[in-house]
Protein chains: 2
Amino acid sequence: MAVTIRDVARESGVHVSTVSRAFSAAHMVNAVTRTRVMAAAERLGYRPNRAARALSTRRTANLGVIVADIANPFFPPLIKAAQAQARERDYHVFVADTDERARVEEELVRSMAKQVDGALLVASRLSGRVIAELGRDVPFVVVNRRVRGLPCVLMDVASGTRQAVDHLVALGHRDIAVLTGPSASWTAQRIRGAAEEAAARHGAGLHPVGPNPPTEEGGASAAAEVASGPATAVLAYNDLVALGLIREVEALGLSVPGDLSVVGVDNTHIARHCRPALTTVDMPVVAAGRGGIDLLVHRVTTGEDPGTVTLDTRLVVRESTAPPRSAVSRP
Amino acid sequence: MAVTIRDVARESGVHVSTVSRAFSAAHMVNAVTRTRVMAAAERLGYRPNRAARALSTRRTANLGVIVADIANPFFPPLIKAAQAQARERDYHVFVADTDERARVEEELVRSMAKQVDGALLVASRLSGRVIAELGRDVPFVVVNRRVRGLPCVLMDVASGTRQAVDHLVALGHRDIAVLTGPSASWTAQRIRGAAEEAAARHGAGLHPVGPNPPTEEGGASAAAEVASGPATAVLAYNDLVALGLIREVEALGLSVPGDLSVVGVDNTHIARHCRPALTTVDMPVVAAGRGGIDLLVHRVTTGEDPGTVTLDTRLVVRESTAPPRSAVSRP
DNA sequence: CTGAAAGCGCTAACAG
DNA sequence: CTGTTAGCGCTTTCAG
C-alpha cells in the first residue's frame, strides 16, 4: 500500500494537518518541525497524492492538450513544447487525438473536464457555439482559431500566405490554385481568404480546389483537377497535402517546379527533406505551444482573461517554386 | 459549481449510493429507478468525477505514456496508436517527454505514479535497476527494451538489421560503419550487436562510430569520421541520424549512394520523402503502441503478467543504397 | 504554530 | 433492490 500523509504524521509524531502544511504551506509551520516532517517523508518515500489533493483544493495540476492528429508532423513539436512548458510549471498533461472528428473532440473535452484545470484546444474542429459552451466547464485556450471571448494563440497564416502569393506572382505566375483544407479549420479559411485577397490585389486568377483532407491522400486526389486546370502554381493547405499533390502530379508526367510550382504550409521537417525541397509558410509551433500553456496557466491561476496573442508566419523559399514555363519563354 | 452525485440523488429522489450504482454497477439497480436516475443526471448535465472515483476505487482510469522525444518522428505514430487504443478502453493518457534524460524520466514516473493505473515506458533510458524499482510503484509495460520480470513489447530490430547487412553485403560492400545510438538505448545495443554478428558471418569489416545523439546533428557530426574511414556503407542508428549524415557527407563532396550507401532505422515518414529516399528498417510502431496499451490494460485489470510480445521488423529498400564504386569497377 | 474535525465526490460493505 | 455508514488522501476552517 502506498505511503500516505498519516504514515508520515505517525513517523514524525505530528498531526496529519501539520504534514499537509509542511508540504503545501511551508511557511505556516515551524522550521524545525518542518524539517522533521520532511525527513520522515523522505525516509518513508512519501509523495503527496495529487488526485486526492485535487479533491479538496479543486485544482488538479493537470492540463489537457487536444489536437486533431498526433501523427501529423505539424503537431508533435507543438505538443512537445506545451508539455515541456507545463512540466516547468509543475503540471501534467493529458494529450488526446480527435482524429479530426468534432464529435470525438467534444466527448474528449467533456470526459476530461473534471480532471484538468484547463485545456489547450489546438486547431479545433468544433463549432464556435460548442466551444463557447464547453468553455463554461473547462477554461480553454484556443490555438489557431479565433473564438470570441476566449484567449487565443493565433499563428497569423494570412501574412505568410500573402508572402507566398507575392512570391509566386513575382515569379510570373498568373493563375494560382489553392488546395483548401477541412472546412471546419480556421487556418484553412484564413489561407483561402488571404490568398484570394492577395491574388485579387495582383489581378491574378485564383482557383480553389477542395476541400481536401489534410493528408497526402488529400493532395494526391486533387492532382488531376489541378493538372487539367489553368494554374501554373498551387498553394496547398499544408505540407502533407503539397507532398501528396507533388507525388501524384509527377506521376501524371508533370515536373515540379518546372511545370508546376507548389507551396506548402507549416514548414514541417519533411519540407526540408523532401524532393524537391518545399517552399512553405513557416508556422511558429514551438512558440505557440509554449505560449498557449503560458496563457492557460495564467488564466487558471489568476482567473484573468489573458487575451489573444498573435504570432508571425513567414515564407521559406526552397526548391518547389520557380517561374512558369510561359514566363521563361517570353523575356 | 459542478454538479455532483448528491444533486442527482436529490433530483431523482434516491440516495447517493443508488446513483453511484446506476453509473458503475447498473445491474445492481432496478431498471425503472435506474432510468429515473439517468434522466435526472441527463437533465442536470451530471458527469462522474473520475478523480473522486479513483480515490475510493484505487483505479484512476488513466495511463501514462513516457517517451524520449515527442518531436522525434519515430514516436508520434506510436503515441497516436496508444492514445487511440486507450480511449477505446476508456482510459485517458498522460503523455510525457523525457528529453532523453534519465533523471527527468524517473522524476516524471514518480510524480505520475499516484495518478495512473500504469504506464508505457517507450525506449526508456533508465537503468534496469531503476526501472525494476519504479515498477514496484507503477505497473509498467516496457516498449523496445527487455526488462527482466516486466511485460515488454519488443520490436525485433535485430532481424531488420541483419537484413540490412545482408543487403549491403549482397551489393558488394565489405566495410560497413555503424553509427551507434545513445548508450542507454536498448535498440542501439541491439542494432550494433546484430550488425556485428551479421558482418562477422559475412567476413565483412564493421566499424562502430559513436555513440551519437539520436538526431540529425548526431549524424552530421559523425560524417567526417565516416568519410575518412574505410567504410563504403553505413548503418545509422535511426533515420534522423542517417539524414544528418547524408547531408553532411554530401557537403564533404561525397554522393549517396554513389560514394556511400546509407541505411536508416525506423522508417519514419521522412525516409519516404527525403532525397535520396532512404533504405531503412521498418519498425511496427502502430502495432507496438496499440499492443503496449493492450498489455498494460490487461495487466492492470487482471493483475496477471502478460509476458513479452515480439514484433517483426523488415528492411525497406529505397534509393540510398547501391553497389560500392569499387565493386562496380571490377566486374 | 499545531491539533481536531469536517468535508471534497464517490464507492463499498453492511444491513434491511 | 436500496439506504446507512464509513472511509479513500488530502486540505481547511476553527480552536487552542
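Here is how names work: the chains are called A, B, and so on, in the same order as the sequence lines, proteins then strands, and each is numbered from 1.
- Within the structure, side chain to side chain donor-acceptor pair (under 3.5 Å) pairs that include any residue of residues 84-96 of chain A comprise A:Arg59-A:Tyr91, A:Gln85-A:Asp294, A:Arg89-A:Asp294, A:His92-B:Ser111, A:His92-B:Gln115 (at least two apart or interchain).
- Distances shorter than 4.0 Å separate some side-chain N or O of B:Arg58 from OP1 or OP2 on D:dG9.
- Atom pair B:Ile5:CD1 and C:dC8:P shows a separation of 13 Å (rounding to whole Å applied).
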- Message: As a quick check of understanding, evaluate salt bridge (charged side-chain N to carboxylate O under 4.0 Å, His left out) for B:Lys80 and A:Asp69, giving each step before the final call.
- Response: CA-CA 8 Å; B:Lys80 182 182 171 85; A:Asp69 178 10; 2.8 Å; yes
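- The CG atom of A:Asn49 sits 18 Å away from the P atom of C:dC8 (whole-angstrom rounding).
- Taking the screw axis at each terminus of the helix from C:dC1-D:dG16 to C:dG16-D:dC1 from five consecutive base pairs, the angle between the two is 40° to within rounding of 10 degrees.
- Every ring-ring contact (aromatic ring centres under 6.0 Å, His included) that B:Phe23 has, sequence neighbours left out, goes to B:Tyr46.
- Checking A:Val93, A:Leu120, A:Val141, A:Val153 one by one against A:Ile293, the side chain to side chain contact (heavy atoms under 4.5 Å, CB included) holds for a single residue, A:Leu120.
- Rounded to whole Å, atom P of D:dG9 lies 16 Å from atom CZ of B:Arg59.
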- salt bridge (charged side-chain N to carboxylate O under 4.0 Å, His left out) between B:Arg43 and B:Glu11, intermediate numbers included: CA-CA 9 Å; B:Arg43 221 174 308 136; B:Glu11 174 83 7; 2.3 Å; yes
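- Counting only residues at least two apart or in different chains, ring pair (Phe, Tyr, Trp, His ring centres under 6.0 Å) contacts with residues 61-83 of chain B are absent.
- Between A:Arg50 atom CZ and D:dC8 atom C1' the separation is 19 Å, expressed in whole Å.
- The pair A:Arg299-A:Glu304 fails the salt-bridge criterion, with no side-chain N (NZ, NE, NH1 or NH2) lying under 4.0 Å from an Asp/Glu carboxylate O.
- Here C:dA6 presents its P atom at 18 Å from CG of A:Leu55, a figure rounded to the nearest Å.
- Comment: B:Arg58 does not engage B:Asp117 in a salt bridge, judged by the lack of any side-chain N to carboxylate O separation of less than 4.0 angstrom.
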- Verify salt bridge (charged side-chain N to carboxylate O under 4.0 Å, His left out) between B:Glu107 and A:Arg47, making sure each step is shown before the conclusion. CA-CA 11 Å; B:Glu107 177 52 30; A:Arg47 296 219 134 208; 3.3 Å; yes
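- Residues from residues 13-35 of chain B with heavy atoms under 4.0 angstrom of DNA chain C, sorted by number: B:Ser17, B:Ser20, B:Arg21, B:Ser24.
- Contacts between residues 40-48 of chain B and DNA chain D, counted as heavy-atom distances below 4.0 Å, involve no residue at all.
- Rounded to an integer number of Å, the gap from CZ of B:Arg6 to C1' of C:dT11 is 14 Å.
- Using a 4.0 Å cut-off between charged side-chain N and carboxylate O, A:Glu133 and A:Arg110 make a salt bridge.
- Sparse packing is recorded around CZ of A:Arg146, with 12 or fewer heavy atoms of other residues, nucleotides or ligands lying under 6.0 Å away.
- Distances from the side chain of B:Arg53 to the nucleotides C:dT11, D:dC10, C:dG9 place C:dT11 closest.
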